[in-house]
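Below is one structure; the comments refer to it alone.
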Amino acid sequence: MKYDFEKIEKKWQKIWEEKKYAPWKVKKTSGKKNTYILDMFPYPSGSGLHTGHIEGYTATDILSRYYRMQGHQVLHPMGWDAFGLPAENYALKMKKNPMSFVPTNIELMKKQLKKMGFSYDWSREISTTDPAYYTWTQWMFLQMYKKGLVYEAESPINFCPSCKTGLANEEVVGGRCDRCGSETETRMLSQWHIKITQYADRLLEGLDGLGWPESIKELQRNWIGKSEGYEITFKTEDKENTISVFTTRLDTLFGVTFLVLAPEHQMALKIAKGDYYFITENYIENAQKRTAKERRSSDEVSGVFTGSYVVHPFTKIRIPVWVSEYVLFDYGTGAVMGVPAHDKRDHRFATRFHLSIEEVIAGKDVPHENYGVLKNSEEFTGLTSQEAIEKIGEQLMSSGIATKHIYYKLRDWVFSRQRYWGEPIPLIRCPHCGIVPVPEKDLPVTLPPVKSYEPSGTGQSPLAKIKEWIEVKCPVCDKKATRETNTMPQWAGSCWYYLRYLDPKNKKVFASKESLKAWLPVTMYVGGAEHAVLHLLYARFWHMVLYDAKHVPTPEPFARLVNQGIILGPDHEKMSKSRGNVVNPDDITKEFGVDTLRMYEMFMGPFEDTKPWAQEGIRGIFRFLIRVWSIGLDVKKKNVPSSIKDDALLKGLHATIQKVGQDIPALKFNTAISAMMECSDMLRKKCDEGALSPNTFIDFLKILFPFAPYTAQELFHMLGKTTLLDSASWPTVNKKYLAQESKTIIIQVNGKKRLDFSVPLDMTFENIKTEAMKSPKVKIYLKGKKILKTIFAQDRIINFVVKE
RNA sequence: GGGCAGGUGGCGGAACUGGCAGACGCGCAGGACUCAAAAUCCUGUGGGAGCAAUCCCGUGGAGGUUCGAUUCCUCUCUUGCCCACCA
């Protein structure tokens, strides 16, 4: 009988469907250990699943099936991240309305997921666009609002001219929109912000205890960018104005030879004098015309002198004040002290404008940014940088010139989007009462259906045009008021979806206390690393807010995180349509079947590594499955009684069971598969010898099952079993079969292998040594030489160290 | 410029805690089956020397520690990813 994977797939899909996916459903009380295995949910794009989805989802499916067989109660849900720019941009491109388009895509992708045999508990499916879901997104927003974590501010924000909306800092990558790649602009817009910065320290500290990849933790640390330092106030010569600067290098204070203000700094024009006023004004105007990107990428050093001086707090020397683009307005105080001897940027600036350079840190050939011992620093000379920071800080603070300060790179989360496809922000603007939150009983504020939802580009949401939706009575004074028309960013819904899975139908709360207690934190979270400072940071923040309000029982949402490696095209380049190197999973399943695709993606290399697709490599997995299939047919035909025990067979099989059982939780799927391949070779031979009984073979099917559920289940069925393998338990490793009767010792001479030496288990070192020295092969190398030393590594190696 | 992760056959990769480098797979070569091809199955396959037993070389490069290094240390070259005038 042929290995007709297509027929097998259809057969079991139908059976699983008929059984309403019951084996994968979580029961309320089970007495079992709870394990929550979570995928990053996809946005339903219309082009369906790609190889990257399948890689991550296969891994979690293997884990889920494995833990179920180990007797755990496994929660493994799936849903749809359907709001936001990706879905809306795609809909715009297709000239369709997302409201009708998204459900179609969901159906398409759901079908694909089911075809891939992923064992999701479909009874818990959610979509962020479902009003029953986003009512809670809005509710959570209101909790933040009531806690004072939400504020409206007009500030210079990143704006994507193509997506026609404001963006958060996290959504701008290298000066470009994370979604469409257009260069972003800076615009003054009034936007809702969420005070994520208030949680900066906790977001930082919480990382230490998480079982996450170090690289992701490091990315978040860098993104939060905590800097501890001092704010120093400099007085102008005429004592009329003050300028504050932030520095982490107070030890270089005596090396200050100039001050620099960002062009946006209010003090710039205030202190500019005489002819310098016009030069300064002109410079500032020009700078403000340039985009952030232009400023950043500019190689030339620019700046102007304001004509004013400040006074050094210790030396009382006059320090010129300049204005330059290289100083960022929105970090620190928007002004810096220039220490050209010990800061590269200051050095460049000083060189360009011939400002003096004073070295104050001794030692080191390259003076830039090095800590060391102070010189030319009056009474602080001779102190180390660390000591000096402390001492200078103390003195300046006691005279009120400096204060300790901590700055973060992290900015508050710009939360307004001037787009249609998102959760409406549940606030009302009342001319009498100001901003009024929508009462919780009135939630959800549903997104109205519209004909045209194109973004306007005016800084107004498309919702602003829908009069009947905007006009509303003020919940406080009952007078005419209007709805907030901006929508939430795409990240809002994904900040808490893992909570809704726990209790997806609950109408009273977003999830019951019992369910939260039972399942949090998420045991294992698998997804791409590209969300390091977006979703993964926002979700942690959101969770912390809920934790503080006692809505969730744990301070962190995801105990363990794993990033799947990116799958490159066959040409070792990132898959992209323009390169034409995209591998379509549908083509693979058509030719080789679902199980082959699943296993091949797991076999390509370590799960977390970036790895290229090799079209030809698939054959190896396909051959393996065909071999297993043909062994299964023979096993059935021969029907060897279980009483026949073959020692070598059982040894090999149990070693494999052990290996696969260790590799799965360690996510070493590639080596697990290679172990099964070796085992199948042995099974083939033993089957031909008439030593392989159905029951023994079934143990092999059980360990194959998480990887290749269709093939394993079908063979299980063919061997007369009527149950689903889902309810089988993982085969127990019989230690008896793992025990060795003899051990192989490697005999080396001067570290080079000269002999494999098989000896009884209980043979002592001295005896092995004596016997080994008798061996002719070893004798050759010892002949006429003096044994200086004999190294014995327990059960492994004997090494004779000899000399002529 | 900064951070992180890598560099092992023709290719993807394996190697526990410092202990047989190259498991497993692809590809390739030879063979079986076939009128033939594909598919499948069997055998071989790091490089070099040799009929052979066997020997020498070999984990980006140069040093070092060690009886022994892909693994640890120093320097160096290089690739990928992320961040980037963050004071």
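Letters A, B, ... are given to chains in the order of the sequence lines, protein chains preceding strands, and every chain is numbered from 1.
- Sorted by first then second residue, the salt bridge (Lys or Arg N to Asp or Glu O under 4.0 Å) pairs that include residues 603-612 of chain A, not counting sequence neighbours, are A:Glu55-A:Lys611.
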Side-chain donor/acceptor pairs under 3.5 Å, residues 663-676 of chain A, sequence neighbours excluded:
| unit_1 | atom_1 | unit_2 | atom_2 | d |
| --- | --- | --- | --- | --- |
| A:Asp663 | OD2 | A:Lys659 | NZ | 3.2 |
| A:Asp663 | OD2 | A:Thr671 | OG1 | 2.8 |
| A:Asp663 | OD2 | A:Ala672 | N | 3.2 |
| A:Thr671 | OG1 | A:Lys668 | O | 3.1 |
| A:Ser674 | OG | A:Thr671 | O | 3.1 |

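- For A:Arg221, the side-chain contact (heavy atoms from CB on, under 4.5 Å) criterion is met by A:Leu204, A:Leu207, A:Asp208, A:Glu214, A:Lys217, A:Glu218, not counting sequence neighbours.
- Residues that satisfy the side-chain contact (heavy atoms from CB on, under 4.5 Å) test with A:Ala168, not counting sequence neighbours, are A:Glu170, A:Glu171, A:Trp413, A:Arg417, A:Tyr538.
- Among residues two or more places apart in sequence or in another chain, the side-chain contact (heavy atoms from CB on, under 4.5 Å) test is passed with A:Ile791 by A:Lys789, A:Asn799, A:Val801.
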Would you list the protein and nucleotides 40-44 of chain B atom pairs, both N or O, that sit under 3.5 Å from each other?
| unit_1 | atom_1 | unit_2 | atom_2 | d |
| --- | --- | --- | --- | --- |
| B:U40 | OP1 | A:Arg623 | NE | 3.3 |

Identify the pairs formed between an N or O of the protein and an N or O of nucleotides 1-8 of chain B at a distance under 3.5 Å, and give each distance.
none

### Query
Once Watson-Crick and G-U wobble pairs under 3.5 Å are found, how is RNA chain B written in dot-bracket notation, 5' to 3', with | for any base paired to another strand?
(((((((..(((......[....)))((((((.......))))))((((....))))..(((((..]....))))))))))))....
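- Scanning for ring pair (Phe, Tyr, Trp, His ring centres under 6.0 Å) contacts around A:Trp613 gives A:Tyr600, with sequence neighbours left out.
- The stretch residues 599-607 of chain A touches RNA chain B through A:Phe603, A:Met604, A:Pro606, each having a heavy atom within less than 4.0 Å of the strand.
- Considering only residues two or more places apart in sequence or on other chains, A:Phe353 meets the ring pair (Phe, Tyr, Trp, His ring centres under 6.0 Å) condition with A:Trp322, A:Phe349.
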Strictly under 3.5 Å: I want the nitrogen or oxygen pairs between protein and nucleotides 64-72 of chain B, one per line.
| unit_1 | atom_1 | unit_2 | atom_2 | d |
| --- | --- | --- | --- | --- |
| B:C67 | OP1 | A:Lys789 | NZ | 3.0 |
| B:C67 | O2' | A:Asn799 | ND2 | 3.4 |
| B:C67 | O2 | A:Asn799 | ND2 | 2.4 |

